[in-house]
Amino acid sequence: MTRGDLLIVIAVAGFALLAVPVAGVALVQPAEGAVFSSPAGETRVALDAPGRYQVAGARGTVTFEVAEGQVRAIAAECPDGLCVNSGVARPGRPIVCAPNGVSAALTGGGAGELDAVSR
Amino acid sequence: MRSLADTGPGRLAATTAALLALAVVLGYLEAVLVPPLPVPGVKLGLANLAVIVALVRVGAARAAFVSLGRVLLVSLAVGTLGGPAFLLSLGGALAAFVVMWALSLRATSFSPVGWSVAGAAAHVTAQLFVAAALAGSPAPLALLPLSLAASLPFGLALGFLARTVLSRLPELSLSVAGR
């Protein structure tokens, strides 16, 4: 092995380390908006517009809050309130109130997770 | 190292064809027999052995023929020709060849071990960029650190193997020519 070869080995190992931030950027793709779905249709909002949105469902109204670039359900006219306890919506993981037919999903971003790997 | 370039066009063509056949067989065997490694995009890269030997023995143009011909023929054999897997292989092979060829121009500074390590790194990097372009998302690049790190031992192992093969190749060539 020549000194040049050794430099290549060190360079590749260095690039592998330097690529760690690139991987982080590739994985984190911020969502741009949210879409509230109900039997009546869809409502799209931007995540940089904080506010509360009432979405009428089949059995009652679900209130969503957009704040600090996140969406969460804060109130629901249902006995269980499962959607209220679901936390914030994530890319690919919407908040769903199935009996009401209401959901809130993020748009424009991605979790960066791979669905499948082929070779 | 002695080149075959001055031993006649017939022998040169035969050696190139033999190296292409070797690359195809190694690539095909790896594709169908070796189970996928835990790191996506990283392979043993056995076929690269023939490309390194070709770079030393038959020159850059014929080595490029071996490298790209291998991609075409193996894709044809395993049924991926024209698909995403073919584009990934083509991108990886092209990048690996260009890097190895550039290093081979400085033969006093870099040996086939270095070419192999750099070629393996270029191969996985190019594949991930092609995958990102095909997917329309930078998500595949998240594998870059892991893939580069995994390419290092395989590149080293193949480089040492290529060096061993090259040190014994003149005897092999003579025995073939003696028939």
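Here is the naming used below: chain letters follow the sequence lines, and residue numbers restart at 1 for every chain.
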Q: Side-chain contact test, heavy atoms from C-beta onward, threshold under 4.5 Å: evaluate it for B:Leu152 versus A:Val9 and give yes or no.
A: yes
Q. Would A:Val84 and A:Leu82 show up in the same hydrophobic cluster when neighbours are defined by side-chain heavy atoms closer than 4.5 Å?
A. no
**Q.** Contact origin within B:Ser109 toward chain A - heavy atom pairs under 4.5 Å
**A.** backbone
Q: Would you name the heavy atoms of A:Ala16 and B:Pro145 that are closest together and state the gap between them?
A: O-CB, 3.3 Å
Q) Should we say atom CZ of B:Phe86 is surrounded by more than 12 heavy atoms from elsewhere, each under 6.0 Å from it? A) yes
Q) Would a 4.5 Å heavy-atom cut-off, applied to side chains only, mark B:Leu103 and A:Ile8 as touching? A) yes
Q. How long is the gap from CG on A:Leu17 to CG on B:Leu148, to the nearest 0.5 Å?
A. 10.0 Å
Q. Do you reckon B:Leu12 sits in the same ILVMFWY cluster as B:Val51, going by side-chain contacts under 4.5 Å, direct or chained?
A. yes
(Q) Please report the interatomic distance CZ(B:Phe160) to CG(A:Asp5), rounded to the nearest 0.5 Å. (A) 8.0 Å
Q. Do B:Val98 and B:Leu55 sit in the same hydrophobic cluster, where Ile, Leu, Val, Met, Phe, Trp and Tyr count as joined when their side-chain heavy atoms come under 4.5 Å apart?
A. no
Q: Taking all heavy atoms of B:Arg163 and all of A:Met1, pick out the closest pair and write down the distance.
A: NH1-N, 3.2 Å
Q. Got more than 12 heavy atoms from elsewhere within 6.0 Å of OH, A:Tyr53?
A. yes
Q) Can you say whether B:Ala121 sits under 4.5 Å from chain A via the side chain, the backbone, both, or neither, judging by heavy atoms? A) side chain
